[in-house]
There are 2 protein chains.
Amino acid sequence: MKLNKHILKAYAMGIDTHQEPVVYMRQDCHICRAEGFSSNARVLVEANNNKLIATLNVVRNETLSSDQIGLSDIVMVGLDAIEGQPLRIAHAPVVNSLGFVRKKIFGFELSDEEISQIIADISAHKFSDIEIASFLSVCAGKRLSIDEIISLTKAMVSCGKVLEWENHRKVFDKHCIGGLPGNRTTPLVVSIVSAAGLIIPKTSSRAITSPAGTADTMQSLTSVSLSMEEIKRVVNNTGACLAWGGAVNLSPADDMLIRIERALDLDGEGQLIASVLSKKIAAGSTHVIIDIPVGETAKVRMKEDAERLAMLFTQVGEACGINVRCLITDGSKPVGYGIGPSQEAKDILAVLKCRGGAPIDLKERSLILAANLFDMDNGEGLESGLLRARSILESGEALSQFNKIRAEQGEIKALINSKYSHQELSSTSGKLEVIDNRKLARLAKLAGAPFSLNSGLRLHTNVGSQVADGEPLFTLFSDSQGEMSYALDYYLNNLDMFKIQG
Amino acid sequence: MKLNKHILKAYAMGIDTHQEPVVYMRQDCHICRAEGFSSNARVLVEANNNKLIATLNVVRNETLSSDQIGLSDIVMVGLDAIEGQPLRIAHAPVVNSLGFVRKKIFGFELSDEEISQIIADISAHKFSDIEIASFLSVCAGKRLSIDEIISLTKAMVSCGKVLEWENHRKVFDKHCIGGLPGNRTTPLVVSIVSAAGLIIPKTSSRAITSPAGTADTMQSLTSVSLSMEEIKRVVNNTGACLAWGGAVNLSPADDMLIRIERALDLDGEGQLIASVLSKKIAAGSTHVIIDIPVGETAKVRMKEDAERLAMLFTQVGEACGINVRCLITDGSKPVGYGIGPSQEAKDILAVLKCRGGAPIDLKERSLILAANLFDMDNGEGLESGLLRARSILESGEALSQFNKIRAEQGEIKALINSKYSHQELSSTSGKLEVIDNRKLARLAKLAGAPFSLNSGLRLHTNVGSQVADGEPLFTLFSDSQGEMSYALDYYLNNLDMFKIQG
């Protein structure tokens, strides 16, 4: 039996609904009447051998004629549709994997097959945003078993592209699970170890819940939206890259998930591991080091949680055939001085150029990570690795390697100042005991980071230092006056983010 | 410090986004540029002393001029806005209760205060759809403690209106937790007990995941969208009503939650209890009976789950100051013959009119529920109550009481036939061993129930009967050819919903 399908003509609404496909139809059009469609119905739209499931918004006025269907941007692109083209519309088919989501909601463990089906359907845009939100929420908070995390990781790899490095037996990578403002070691580590001849094709994500991801920071210094071929070329010529992973579709499902995670300000354990490792595996990495900062206001607060995460990362990595080493590091205070893409880039350049005021903590953290990668490569031991890393950095080799990578990726961008800045002074004196990482990150985000590359903040002091009354605490940077005043308002309502003991 | 706010002129987009407030702004308008807004940003919109948090969709084309903001229907209504009126737009303030949702996601129990804040914010439209989906998903599947369910119930009562019945010490109510197609006892029970003088101001919901709710069924027989005053008048004149609860805003938060539950096809335990009891409390009920059908394909499958639910209902009721009695009933097969609003109404009329072919199971279930209400009232015992209920029904008193209620509510509607019907014959002979309630309900829903009142199906036989080859199994009714063929297609792919043993 054929399903009853109908035709309407495409009309580009010019509405950006992000990745959720939305279509618009008149309540009185023949399809809404015949099919009994009302708002929020899920409908199947077909054209040019492409199919999409979309959420319906019913329109009442004269925006559309009754033989038209309005398409949001992602539907136009997904169907490869042109204005006026006839589209076939039908009831959306039952998405079986939604039954597996319900199974998980009700507390049952999912099989490899079930998880793989969910991820395939999400990357095929078959889930609505609320369905993705539901799935993510019930997978967050330690609710995925190790087997489920392994399945999730493999599923995410298998629905995207995979990079292959035929000529290299060992391919290195590093990742920081984040939560520590300013901890932008990646560009330093990549420059150091690739200067020593290791292959490290680093793809990074943009920020999920933080004021900057490595991709955001690198974007203020060079091009990061590289195609698969460009990444291959850069890595072949330099041994490394510092590219944005999203542009090469290494894990399309993860990109969908991250969008909703960002909106929910959520970052679940299992999802985190699968997201990180799936991208490493898809990038062709064989040896990966993971930095897990622990601190009261870092992403991971307790040492036991960090140990559990380290154990899971290692086991899931092993199950997926890669070698993972985790480093649990100090996450008690911000790293470096800059927070936000451009401000973090400034710190990186200062370390590479061995400038006097360069942040020592950022430098030392990077050296230890590089030493661990050397040790994973040849077992030389951390002491020897550390000496080698320091010599590469301090000799300027890392800087020239970094600039080589920037040039190969497209251009060497100069850092730009933000339109607005505001220096905040301390209104008391004493020892700076604590900076609340979460509130500090939120402050930088409210100023516009990471979407606005030049927005963020620069600390003028850090935990453990003495602060005098009237001495600058930080400078806030923003490209928007609205965001600047909003951020300052937040600061004034959260003065406890800096705890100064007299 | 004042937040930076900006002005745009209202433009009614005529787009129905259901209850999620959505606004549309041009990417190049001064506010998007100044505030750094991009699609899916949450923005605060103000006019006429009303405020709403809305989700932004950015538009690119000429639908709007750059000094306009497009509003979805719910935003127009919520702001009481008129075309061209200036609106103030700002960053949405931080919704603190979203932090409590995250707390729940990560497995922590919520306090009374935290739950109350979440529910207040949801009913004030401060949550986006994905945020509501996240909250519901992590509360589903036995994840709410009894204290949390009590808090949720109270919170849902306190954010809506409450009916008061000054002259009545005892106010009765009944509820079936559903999942059993055709189990439409409410109109019968209400007619019987109110004919005997009990006060039973029944407000019902529409279907959540089933092919009909009592409000849907009653809508095919009379008006159900009654105002608070109309309900008072009907109850004063008849001792009862059979109205839709949604029209009187008894539990506005619940209406928001149900919409997303419906989209997720979800119906969690704690949410269920809070939803049911909050509406009973808001309706001013003091004595409530709850029907919990148990069967392999009913909503509750296991006797232990039903007992747990009964225990929770009773305890939560007690904590909220009302008297709740639960009846665990047979949920192994559909009740009556009709499924879908009009078809169920047909069965109800047949029972009230004591017609020959009236469904005996529907009648007997209603009598037992009525007997329990009599016993809750005066402790007369079930046997005596059952005799009294039967006499009221068989004497025609219940029928005239039912018609009195219909007339008071507005009109006595005649049942209408659907446009299309299709009789399906058995292709085998033997004993009908099992009907899959879930698949049967899905079949009726695919035919258009409950949105289309006349769509649904009528069984010509039931579990336990002998069926001959070529004998009619059921008739499918639909007002839409598309839905009819879609439903039949589903039936042909799920022939196992009727298990006939030769």
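All chains are named by letter (A, B, ...) in the order of the sequence lines, taking the proteins before the strands, and each is independently numbered beginning at 1. FYI, side chains are in, hydrogens and waters are out, and symmetry mates aren't considered; it's all heavy atoms of this structure.
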Chain A shares the most heavy-atom pairs under 4.5 Å, among Ser137(B), Ala133(B), Gly107(B), Gly141(B), with Ser137(B)
Rounding to 0.5 Å, atoms CZ (Arg60(A)) and CG (Asp73(B)) come to a distance of 4.0 Å
When rounded to the nearest 0.5 Å, the distance separating CD of Glu20(B) from CD1 of Ile130(A) is 9.0 Å
Lys104(B) versus chain A, heavy atoms under 4.5 Å apart: side chain, backbone, both or neither?
backbone
Shortest non-hydrogen contact between Thr17(B) and Ser39(A), atoms and distance
N-OG, 4.5 Å
Checking Met13(B) against Thr63(A) for the side chain to side chain contact (heavy atoms under 4.5 Å, CB included) test, could you report, in this order, the C-alpha distance in whole Å, the side-chain angles of both residues, the deciding distance, and whether it holds?
CA-CA 8 Å; Met13(B) 295 290 279; Thr63(A) 305; over 6 Å; no
How many angstroms lie between CG in Asp16(A) and OH in Tyr24(B), if you round to the nearest 0.5 Å?
12.0 Å
Just by distance, do the side chain of Arg102(B) and the backbone of Leu264(A) share a donor-acceptor pair under 3.5 Å?
yes
Is it the backbone or the side chain of Ser452(A) that comes under 4.5 Å from a heavy atom of chain B, or both, or neither?
neither
Option that, when pairs with chain B are counted at under 4.5 Å, heavy atom only, ranks first among Val94(A), Ile132(A), Leu136(A)
Val94(A)
Please lay out, stage by stage, how Arg143(A) and Val138(B) fare under the test side chain to side chain contact (heavy atoms under 4.5 Å, CB included).
CA-CA 11 Å; Arg143(A) 293 217 182 90; Val138(B) 293; 3.8 Å; yes
Please look at Val22(B) and chain A and tell me whether the side chain, the backbone, both or neither of the residue comes under 4.5 angstrom of a heavy atom of that chain.
neither
Residue part contacting chain A, namely of Asn57(B), when any heavy atom lies under 4.5 Å
both
The reported gap from OG in Ser134(A) to CZ in Phe135(B) (rounded to nearest 0.5 angstrom) is 13.5 Å
From CG (Asn40(B)) to CD1 (Ile260(A)), nearest 0.5 Å:
7.5 Å
How long is the straight-line distance from CG of Asp129(A) back to OG1 of Thr55(B), given to the nearest 0.5 Å?
10.0 Å
Under 4.5 Å heavy-atom distance to chain A, tell me which part of Arg442(B) shows up: side chain, backbone, both or neither.
side chain
